[in-house]
Number of protein chains: 2
Amino acid sequence: MTTMKAAQKRAQAKVEYNAFLAGCPSRQLLDRISDKWVVLILCALGGDTSPGRPAAAHADAPKAMRYSELSRLLAGVSQKMLTQTLRSLERDGLLTRTVTPTVPVTVSYELTDLGLSLHHLTRGLRSWAQTHMAEVLANRENHEVGTP
Amino acid sequence: MTTMKAAQKRAQAKVEYNAFLAGCPSRQLLDRISDKWVVLILCALGGDTSPGRPAAAHADAPKAMRYSELSRLLAGVSQKMLTQTLRSLERDGLLTRTVTPTVPVTVSYELTDLGLSLHHLTRGLRSWAQTHMAEVLANRENHEVGTP
DNA sequence: GTGCCTACTTCCCGACAGGAAGTTTCTCTC
DNA sequence: GAGAGAAACTTCCTGTCGGGAAGTAGGCAC
């Protein structure tokens, strides 16, 4: 059977206080914003929609976007995930959801100041991904050769 | 994909690397780095291990860490996920894996320059999470009241 | 020999993401 | 006035993915 002598002691020692602990609130928040859809939504609402190079001082014009606009821009996102992610971001105060009771109801989402401050970081992530993509792809191929 | 007319090629070149497109490599890379374990591992290997306040940008010493050190620091990560994430990061050239054939074999991981450049961003994410945590929690409670 | 150490690997299962179809509420058309 | 249609979801089913725990190698301490 299981020898729970040192193993359990170790497991308990593991749960001592630590900045990277699951119980730390910052960890929970980090888990939330470390999500691919969150990053993409923030990039989209931050006005980071130009494909070329966001490195330039391309004034990030935060613009409100409708649900269908986001759905079209973030190719590959399911409607469920888009709704779910938007709701959680709204709940956390990163964006506002505005319903306009027009003919077919229109819903637009816009970043708050809080969301905007995080957008600067996600913009950096997207920029990094586009900048270092070739490097990463090269490393990936080298590794496939190196590990037969 | 194989038989591509010149017009199509030009159309694709026109779009450059856009992380919003599902098929774009930069999007795949963004998906990979937008992962909670990736962010935490990069923070750990970047030397961002001070629990209290990373506001002071002093703990910027990238240090090599062993598998068991990471496992202990990133409480909550399963061994499977840790191994899997480390391997993919190694494959992408973000960190190096060094095996030292000591008594029990010792494996240490260290950030490469590429991983270090990304670490600056993940550090920002962690810093943002800790800075705006209270704000987010307040918004969250307000919303629970607003949606019965 | 038995057990333990590190750094994994494998198996199983529950949870969650994705896809598609259904819902609601309006207006315009036939 | 019945039906189509449009926007923004919501619900259901299913496949995949992550977590937990047990198993593996192989040298050393007892």
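Every chain is numbered from 1 and lettered A, B, ... according to where its sequence line falls, protein lines coming before strand lines.
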Worksheet item: To the nearest Å, how far apart are A:Arg72 CZ and D:dA6 P?
Response: 12 Å
Worksheet item: Between B:Gln84 and B:Met81, is there a donor-acceptor pair closer than 3.5 Å when you use the side chain of the first and the backbone of the second?
Response: no
Worksheet item: Between atom CG in B:Leu82 and atom P in C:dT6, what is the gap in whole Å?
Response: 14 Å
Discussion item. Check the phosphate of C:dC16 against A:Trp37, side-chain N and O only, distance under 4.0 Å to OP1 or OP2. Yes or no?
Written reply: no
Worksheet item: Out of C:dT6, C:dG18, C:dA17, which has the shortest distance to the side chain of A:Gln84?
Response: C:dA17
Worksheet item: Is the backbone N or O of B:Asp31 less than 3.5 Å from a side-chain atom of B:Ser34, with the two atoms forming a donor-acceptor pair by type?
Response: no
Discussion item. Could you check whether any side-chain N or O of A:Arg126 sits under 3.5 Å from a backbone N or O of A:Asp48, counting only pairs where one atom can act as donor and the other as acceptor?
Written reply: yes
Practice prompt. Look at the side chain of A:Thr83 and the backbone N and O of A:Gln79, then say whether any donor-acceptor pair between them is shorter than 3.5 Å.
Written response: yes
Worksheet item: Over how many whole Å does the gap from B:Leu70 atom CG to C:dT6 atom P extend?
Response: 14 Å
Worksheet item: If only atom types and distance count, is the side chain of A:Thr112 paired as donor or acceptor with the main-chain N or O of A:Gly93 below 3.5 Å?
Response: yes
Item to complete: Send over the distance from B:Lys36 NZ to C:dA17 P, rounded to a whole Å.
Response: 11 Å
Discussion item. Expressed as a whole number of angstroms, how long is the span from B:Asp31:CG to C:dA17:P?
Written reply: 14 Å
Worksheet item: How long is the line joining CG of A:Asp35 and C1' of D:dC17, in whole Å?
Response: 14 Å
Worksheet item: Just by modelled atom types, is the A:Tyr67 backbone N or O under 3.5 Å from a matching donor or acceptor in the A:Ser71 side chain?
Response: no
Worksheet item: How does protein contact run along nucleotides 7-13 of chain C, one letter per nucleotide 5' to 3', with B for base contact, S for sugar-phosphate only, - for none, heavy atoms under 4.0 Å?
Response: SBBBB--
